[in-house]
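In what follows, chains carry the letters A, B, and so on, assigned in the order in which the sequence lines appear, proteins first and then strands, with residues in each chain numbered from 1.
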Amino acid sequence: MSQHHDTSHLRPAVPERPSLDGLEEKWDRAWSAQGAYAFEPGARRDEVFSIDTPPPTVSGSLHVGHVFSYTHTDIIARFERMRGKNVFYPMGWDDNGLPTERRVQNYYGVRCDPSLPYDPDFSPPRQGQAGGQGAKASKAADQVPVSRRNFVELCERLSSEDEKQFEALWRRLGLSVDWSQTYQTIDAHARATSQLAFLRNLARGEAYQQLAPTLWDVTFRTAVAQAELVDRDQPGAYHRVAFALTDPILPDAAAPAPSPAIHIETTRPELLPACVALVAHPDDERYQPLFGRHVKVPLFGAEVPVVAHRLATPDKGSGIAMVCTFGDVTDVIWWRELHLPTRAILGWDGRILPEPPMGVDSPAGKAAYQELAGLTVFSARRRVVEMLRQSGDLEGDPQPITHPVKFFEKGEKPLEIIPTRQWYLTNGGADEALRARLLARGDELTWHPDFMRVRYQNWVEGLNSDWLISRQRFFGVPFPVWYPVDQFGHPVHDRPITPPEDRLPVDPASDTPAGYRPDQRGQPGGFIADPDVMDTWATSSLTPQIATRWRDDPALFESTFPMDLRPQAQDIIRTWLFATVVRADLEQRSLPFKDAAISGFILDPDRKKMSKSQGNVVTPMGLLEQHGSDAVRYWAASARLGTDAAFEPGQMKVGRRLAIKILNASKFSLSFLAAGPETSPPDRPGAPLTLDPALVTEPLDRSMLANLNAVVEAATEALANYDHTRALEVTETFFWTFCDDYIELVKARVNGAAGAVGEASARAALGLALSVLLRLFAPFQPFATEEVWSWWHAAGQSVHRQPWPDPLGLPEPGDRAVLAVAGGVLGALRKAKSEAKVSMRTELAAATVAVPAALAPAAVAAKADITAAARAHQLTLAASDTETIDLVSATLQP
RNA sequence: GGGCCCAUAGCUCAGUUGGUUAGAGCAUCACGUUUACACCGUGGAGGUCGUCCGUUCGAGUCGGACUGGGCCCACCA
């Protein structure tokens, strides 16, 4: 550890009236100019601390929750930097995905059409729609179609505007990010990295295509992955529908005669034409005689079997269900496991297909189907109910219920299940060995707090399919894949053409694969592009590889990966965190990061999760301007990881008070450092002073430093374990004791009232304590501490580049009890004055205080300091057998 | 249906392996302008630690049940 206390200036330049105003701008500028937070390349991995910063969504807006959780990360970054680590702290911007796509559409009045050629001179029809993101999507007809490359360029243009505002906020908050290390999730490097990882997955067989029933959002007309599902309670109704047996029942005396019709109860009668079977539980005696027989679907006439399956629940509805292709995910299981035919009737737009499926063959059935063709699900349902009523196949009235229905988390209509060709990536959902390996990764990762690990486990254990990574959108990272077109004009999906890795990123919609000419696109014997883009998580799951430049900077990658820390919110463990673990496991066979720090949410005063939709949300910049950044950081720092925290301006006021106190207490302490000749080398007046622990001889001073040493140890251990609240708490508690008791106790002595030795002791102790305290507070209050540090250190000697304090080396350990007992005695004397309703300045003619016998020697050691601080003429310290410090008597000076 | 977290002063929260009289800040009340700080200081008041049972010489702390709040997961006809 270097001799930090040798760099101080003899004559501190302390302002007359210290103030927090303007410190954010002042020090942000200085840190930028100094490169205070620059990562230094060429380091060994063990010298580096690397952070996988969450890239905020630039098309959204920052809210108080961001300020909260990013502060937690910054505290750790600053701590590790002071501990000597070369901190790799990049910032990414998430400008990939649906929110950005919508924002660009509305803002510029354009829409992406990948089939169009790139127009280098394109200029958007409009820009700067007021309230861009909140505005209703403009009609597709009003939007000018542009090529994907043009669309991406507009996105980058808009994002860069957003990024400026975001960066300004982060700088004001004091995040010690290295602003030369930034990336965007849609930029060329991220696209290339994403495509490269995909090609490697493809080569290893981890990525594959499959034509399969797919959860489908009819509004966005895209496939949706398991991780993007949410259940929402929806009104619905059970419709009791009769199915007639097609074959006559053979007389059997042993079995009870089954009823002539079988009744099922369904919430989705519009799917009757898609019905492929009825299913009941194999043990259900009511239906056992029917297994293997067939029934006729009412109205549509298809003949379907009655089958048995363990997932049918006897006590639900009538105990027998109709299987449709596809009404819900259970239908998919039945369809797959019972080898049932496919009768798809829904199109990508969520409307009933124009032609009836195979099986609906009778004239009556076809006629009935024509009544539905082209209708939405909602209208078709109403029409089918009417028709069932007419035919007499509906028994009674539909019974209204409320039931959970699956939605895309960003969607407004229930998901449908539609057979489509999609790309999948293995994630353990269909492979027990991989699942076990990923569960082991969850165990290997260190979670803060530890109980968050359970969410990961729950998710991995509950996976029921591989990760669907293709999306039928136009904006995003395209799959770097073409297909040969056969002589009949059909794409050959099982022979994908891929580009060489050094050609990435590619846009297959405009780039031509090797060996083909551009004019062969779409022609028999030519090629065609894969039309899809990747799920945004397929790219953001690679943030460690993107930030550390796995693809193109092996030296940087080597010194920063696997990263040390992934900070993130608890609600995206199943998406971002899990997906990142999957990608690193598949590609690097390692964890992507060692530690995960999970932040809680911010709750508004009503204990509800603060959300943007509530309108009355405070803007983060307004908050920082109102309270000051150190104050807001203090509020954030007083909440533990993983715990939801209340939005509490009161805590910010406390933080501001602390910052001001740091300025004032420092000003006071430094005023004595300037005064004494013995603190500077005699041959070099004006040269840096020496704060020598050997000068600290008074018991009270040594006690104070011993207590400070304990604080250093506790704070260091806490921060090393990501427990920033504990570190702040012990530091702050000590600091207030330091101000209220210690400084008051030494005021007289440091002014020379007890001679030169005592004065030098107090002066050195004040200086040493100040140096340590400023460094302990630096991660929490970077602006106030830097301001104070600058008063007595050379320009450019940022406190944030100083070594984290070690316990001070004292010639002899101090007795920690002296400070506490001296404060206790002082408190008893203050109480006497307070109860007499006189000023603290009032002199005491005589006073006696009882002190527990065990503590009496410690009290006596500080007696002169106590006497002076209490302005007592005569002080008696009486050893007592009680365990508290009590005032025995006090006589005020008249 | 399975699981996780939480419940301590009016409010926001600490309370480390069980151990004297359960702490802090805010708010509140009283007093004091004191040569670092009125963006202040000093002191006071305020809690049967959600409920019940158990383990123990001893429980805010450990175990069980329950109540209430928040969240995650689930194949939800």
Worksheet item: Lys316(A) near the nucleic acid: base, sugar-phosphate alone, or nothing, with a heavy-atom cut-off under 4.0 Å?
Response: base
Practice prompt. Could you pull out the closest heavy-atom pair between Val825(A) and Ile866(A), with the gap in Å?
Written response: CG1-CG2, 3.7 Å
Worksheet entry | Residues that Trp216(A) engages under side chain to side chain donor-acceptor pair (under 3.5 Å), provided they are two or more places apart | none
Discussion item. Once side chain to side chain donor-acceptor pair (under 3.5 Å) is applied, do any residues pair with Asp450(A), and if so which ones, sequence neighbours excluded?
Written reply: Arg453(A)
Item to complete: Mind checking Thr330(A) for me? I need base, sugar-phosphate or nothing, with any heavy atom below 4.0 Å counting as a touch.
Response: sugar-phosphate
Worksheet item: Partners of Arg240(A) by salt bridge (Lys or Arg N to Asp or Glu O under 4.0 Å), sequence neighbours excluded?
Response: Glu265(A), Glu395(A)
Fill in: Under-3.5 Å donor-acceptor pair between Ser318(A) side chain and A77(B) base
no
Got a list of protein N/O to nucleotides 44-47 of chain B N/O distances below 3.5 Å?
{"from": "G44(B)", "atom 1": "OP1", "to": "Lys831(A)", "atom 2": "NZ", "distance (Å)": "3.4"}

Worksheet item: Does Asn458(A) place a side-chain N or O at less than 4.0 Å from the phosphate oxygens OP1/OP2 of C4(B)?
Response: no
Discussion item. So, OP1 or OP2 of C5(B): does either fall under 4.0 Å of a side-chain N or O from Arg455(A)?
Written reply: no
Worksheet item: Using atom P of each nucleotide, how far apart are C57(B) and A74(B) to the nearest Å?
Response: 47 Å
Practice prompt. Please identify each residue that fulfils side chain to side chain donor-acceptor pair (under 3.5 Å) with Thr884(A), with sequence neighbours left out.
Written response: Asp886(A)
Response to the item:
salt bridge (Lys or Arg N to Asp or Glu O under 4.0 Å) pairs touching residues 625-642 of chain A, sequence neighbours excluded, are Asp74(A)-Arg633(A)
Item to complete: Identify which nucleotide among U42(B), A36(B), C26(B) has an atom closest to any side-chain atom of Asn664(A), counting heavy atoms from C-beta outward.
Response: A36(B)
Discussion item. On the nucleotide U34(B), are OP1 or OP2 found under 4.0 Å from the side-chain N or O atoms that Lys747(A) carries?
Written reply: no
Fill in: Pair pattern of RNA chain B in dot-bracket, where unpaired bases get dots and | marks partners in another strand, Watson-Crick or G-U under 3.5 angstrom
(((((((..((((.....[...)))).(((((.......))))).....(((((..]....))))))))))))....
Practice prompt. Name the closest nucleotide to the Ala646(A) side chain, picking from C4(B), C13(B), A36(B).
Written response: C13(B)
Practice prompt. Answer yes or no for Arg232(A) and Phe407(A): cation-pi contact, defined as NZ/CZ to six-membered ring centre under 6.0 Å and angle to ring axis within 45°.
Written response: yes
Are any protein N/O atoms closer than 3.5 Å to N/O atoms in nucleotides 15-20 of chain B? If there are, list each pair with its distance.
{"from": "U20(B)", "atom 1": "O2", "to": "Glu883(A)", "atom 2": "OE1", "distance (Å)": "3.2"}
{"from": "U20(B)", "atom 1": "N3", "to": "Glu883(A)", "atom 2": "OE1", "distance (Å)": "2.4"}
{"from": "U20(B)", "atom 1": "N3", "to": "Glu883(A)", "atom 2": "OE2", "distance (Å)": "3.4"}
{"from": "U20(B)", "atom 1": "O4", "to": "Glu883(A)", "atom 2": "OE1", "distance (Å)": "3.2"}

Discussion item. The criterion is side chain to side chain donor-acceptor pair (under 3.5 Å); which residues satisfy it with Tyr634(A), sequence neighbours excluded?
Written reply: Glu732(A)
Worksheet item: Quick one: salt bridge (Lys or Arg N to Asp or Glu O under 4.0 Å) pairs with a partner in residues 315-339 of chain A, sequence neighbours left out?
Response: Arg310(A)-Glu337(A)
Worksheet item: In chain order, what residues pass the ring pair (Phe, Tyr, Trp, His ring centres under 6.0 Å) check against His724(A), with sequence neighbours excluded?
Response: His72(A)
Response to the item:
Contacts of Glu648(A) meeting salt bridge (Lys or Arg N to Asp or Glu O under 4.0 Å) (sequence neighbours excluded), chain-then-number -> none
